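Working notes, structure below.
Naming: A, B, ... by sequence-line order, numbering from 1 per chain. Keep in mind it's a predicted model, so treat the numbers as computed, not measured. No hydrogens, no waters, no symmetry mates; every other heavy atom, side chains included, goes into these values.
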2 protein chains.
Amino acid sequence: MRAGSPRLLREINDRAAIEALLRNGPLTRSELEGLIGLSKPATAQLLTRLETADTVVRNGLRGGGRGPRAQLWSVNGALAHIAAVDLTPETVDIAIADISGAVLTEHKAPMPAKHGVLEAFVSAVGKACGQAGLHSDQLLHVVVGCPGAVNPANGELAYAPHLPGWSGFDMPGRLREQLATSVSVENDVNLVALEEMVAGRATEVSDFVVIWPADLVGAAVVINGVLLRGASGGAGEIDGLMIPDRAAADTDTDRSGGTYGELLSNASICKLARAHGLAARNGHGAVRKALAAGPAGGEFMVDLAKRIATGVASVVAVLDPELILLSGDIAQAGGTTLNDLVAAELRQLVVPRTPLQLALVTGKPVRSGALHSALAVARETVFGLPAATTAPFRGPVVAGSPR
Amino acid sequence: MRAGSPRLLREINDRAAIEALLRNGPLTRSELEGLIGLSKPATAQLLTRLETADTVVRNGLRGGGRGPRAQLWSVNGALAHIAAVDLTPETVDIAIADISGAVLTEHKAPMPAKHGVLEAFVSAVGKACGQAGLHSDQLLHVVVGCPGAVNPANGELAYAPHLPGWSGFDMPGRLREQLATSVSVENDVNLVALEEMVAGRATEVSDFVVIWPADLVGAAVVINGVLLRGASGGAGEIDGLMIPDRAAADTDTDRSGGTYGELLSNASICKLARAHGLAARNGHGAVRKALAAGPAGGEFMVDLAKRIATGVASVVAVLDPELILLSGDIAQAGGTTLNDLVAAELRQLVVPRTPLQLALVTGKPVRSGALHSALAVARETVFGLPAATTAPFRGPVVAGSPR
DNA sequence: AAATCGTCTGGAAAGTTAACAGACAGGAGC
DNA sequence: GCTCCTGTCTGTTAACTTTCCAGACGATTT
């Protein structure tokens, strides 16, 4: 901890004002006073200073009350732009926004199966930038959300068998070269968690976990309002967790050493469904049929809930979070029925009575999360706002990320 | 985030000075200047102000060099006192320290098995206080380290079957009444982790886990340099983790659903030892015999390592920490041999190559950890120092962070 | 007439730079 | 071996800068 001169006060107050303007839209001077706690002259001086520095712009007048119309102020969005990308095996979905958070344009494009993914990606980003009247090197930062996790040591994408074209090289590094701007790659479930924290079910909690039971089980861990990435980017990669199969129906799983992912793979869930007399082609299909099938389906649901809950129990035992959110196809298909079954099983396995809820997935959670993450990085770079304060999460830390 | 007037600067700078004095022992004015970055007159004024407020005291002179002998300053320890207690089923071990961290006195006393634990505890603390010339109500804070975890909702001690006399009531509340001072109860493994972070193997990392394989398996989780307690105080209570028994020797465990604690209980380890032709009465005894027995013992050690590693793997999958420390009787008895076997097994179970080390347990880790914890609380209440900053491992907190 | 906006003036609080007086160790000169 | 000078360090004082606050004033709108 270091001491500071009056100059430090300036910085603190400027940042407080910028943060208030970003968070609460256009404000009059007197509203800003109330929010940051400065006096009238100090606030006026601050605004004119930020205006001459181009940090802040006039944004219309507010009338209606007595007295003269008050000047409205907001942060100059044109200071910097960012891109948020949702990358799946089939498509890229891109949004370009300015630093105020306003989305300028959107663009969606298909992705090739394996070869030429990089080229397709770069051209899609180029097109989106074009629509916004920019070049990709004018972007301050790009956040890409995708399955898997980037190892901070070498930049390689791991845990992502569904994105075969992207493995074996320094993914953020290559993208940075091609786009001529700073890029970070973030796990998609992490971004969903971010979005749940900003605008979903987790706005009121600081420690929670999003669990994504699917063909590749993933989880996002948020501790103290900060996304946990892990030393090698592998936090929340619970697919490989060794857990026993506690399902009542015997499906020939190796009861002494299956992984969580194996027990929740499409193949394995279909097998379990068959053992209960249900035919399905994938996990969420099986869940949907079971829900429709009535009592017979109920037993399958209980067995599935047992499998899901056993993994959730491991997370609860280690972290004891305030809240667990279930997300993904299977959880969505199972709805509150499955959610409640898992909650009941969980209660038998661990002491803490951690509430379990369905994620509040509306719209495009991965892309929105990427947008928030990119904004946090941009605001830290441009305004020196600590990301943890701007939004209750940290931007991704990647080699070559802006300082 | 709020703005601040010059008064805020005073607070920031005072706290910076106090923190520097606490951390770096007695300092001359010019040394303090260098540490906190203030000018000579400002530092001198600051010191005289803190001296008249009794916050800081003169502490001898430093001579030797050219020029006049420089005045040495340090924080006034007599401002407040704290107690640190290591509570086990058999004994209490108490240390009384002042707010500068200097230990004034120590006291150790036996504990009754079940009845009258509260009375014995209070009288031991009273005796320790007496030795230091204090009454217990003059203590600013008391931290008690013990097995188990206190549920923040009702104050009851859970996960602590070895402390039967302490369950079923609001433990910190009752102690607070009896001692007439503020009391907090902390899990013993958590305090070991704190101590490892302050002065052990984990000084350079911010995310690590201490695992305590024993009759009651515990773990402490540190994320971002902060101890994770969990929503109901149960973070790290991995005793109930459901894991498969991967040991090669068959000991009739329920392979489809044992808990981590069952697999590492004294009884279970002895059974495993017997299956390998070793007789022992408890876990660390078995390990010691196995180490002495040569090759035959080696197979037992591998099986034990498999059991330990399976639970460690769950922690790694969820958190991907920078470091895992093994502590407790069994880990100590097994030494680097067991540590390396567990590390090898772990590498086969999870992707991250998390380093595994033995905790650097010297002296009284639980009591020292409790002392650091109590000091952090005292320094926060007396000086307004954020506890996370007091500890030497956190990055600086941004000035003007929300109050 | 009342309330509100924006600006201006004077003053308080905090820190910085610069200069000065005094103290002490070390070496030069005798 | 003794004396005295010099350089360096401590601690204090004074003048100036930066930043914010309280209050007053004119202008504007309902």
Within residues 33-42 of chain A or reaching into it, pairs that qualify as salt bridge (charged side-chain N to carboxylate O under 4.0 Å, His left out) - sequence neighbours excluded: R29(A)-E33(A)
Residues which pass salt bridge (charged side-chain N to carboxylate O under 4.0 Å, His left out) with D14(B), listed by chain and number, not counting sequence neighbours: R49(B)
Calculate the interatomic distance between [X] atom [atom1] and [N] atom [atom2]; express it in whole Å.
X: R29(A); N: dC20(D); atom1: CZ; atom2: C1'; result: 15 Å
X: L47(B); N: dG11(D); atom1: CG; atom2: P; result: 9 Å
X: L27(B); N: dG11(D); atom1: CG; atom2: P; result: 13 Å
X: R2(B); N: dC20(D); atom1: CZ; atom2: C1'; result: 14 Å
X: D14(A); N: dT19(D); atom1: CG; atom2: C1'; result: 11 Å
X: R62(A); N: dT29(D); atom1: CZ; atom2: P; result: 16 Å
X: R66(A); N: dT28(D); atom1: CZ; atom2: C1'; result: 13 Å

Sugar-phosphate, base or nothing in reach of S39(B), heavy atoms under 4.0 Å: base
Touch class at under 4.0 angstrom, heavy-atom based, for Q71(B) against every strand present: sugar-phosphate
Donor-acceptor side-chain pairing of [X] and [Y] below 3.5 angstrom:
X: H372(B); Y: E195(B); value: yes
X: Q71(A); Y: T28(A); value: no
X: S373(B); Y: E186(B); value: no

Criterion side-chain hydrogen bond (donor to acceptor under 3.5 Å, both in side chains) on T381(A) and H141(A), from CA distance to verdict: CA-CA 10 Å; T381(A) 326; H141(A) 191 66; over 6 Å; no
Under a 4.5 Å cut-off applied to non-hydrogen side-chain atoms, are [X] and [Y] in contact?
X: R367(A); Y: E106(A); value: yes
X: R201(B); Y: F208(B); value: no
X: L194(A); Y: E196(A); value: no
X: D207(B); Y: V222(B); value: no

Would you say the side-chain atoms of [X] pair up with the backbone N or O of [Y], donor to acceptor, closer than 3.5 Å?
X: S136(A); Y: L179(A); value: yes
X: T203(A); Y: A199(A); value: no
X: T105(B); Y: I96(B); value: no

Residue met sooner reading DNA chain C from 5', once P41(A) and T28(A) are mapped to nucleotides: T28(A)
Short side-chain N/O contact to dC20(D) OP1/OP2 from N13(A), under 4.0 Å: yes
Nucleotide interval of DNA chain C bounded by contacts with chain A (heavy-atom cut-off, under 4.0 Å): dA2(C) to dG15(C)
Distances for protein N/O vs nucleotides 16-18 of chain D N/O pairs under 3.5 angstrom?
none

Stepwise salt bridge (charged side-chain N to carboxylate O under 4.0 Å, His left out) check, E19(A) with R15(A): CA-CA 6 Å; E19(A) 197 204 320; R15(A) 275 185 248 172; over 6 Å; no
Any N/O pairs under 3.5 Å between the protein and nucleotides 24-26 of chain D? List them or say none.
none

Angle between terminal axes - the helix from dA1(C)-dT30(D) to dC30(C)-dG1(D), 5 pairs each end, rounded to 10°: 10°
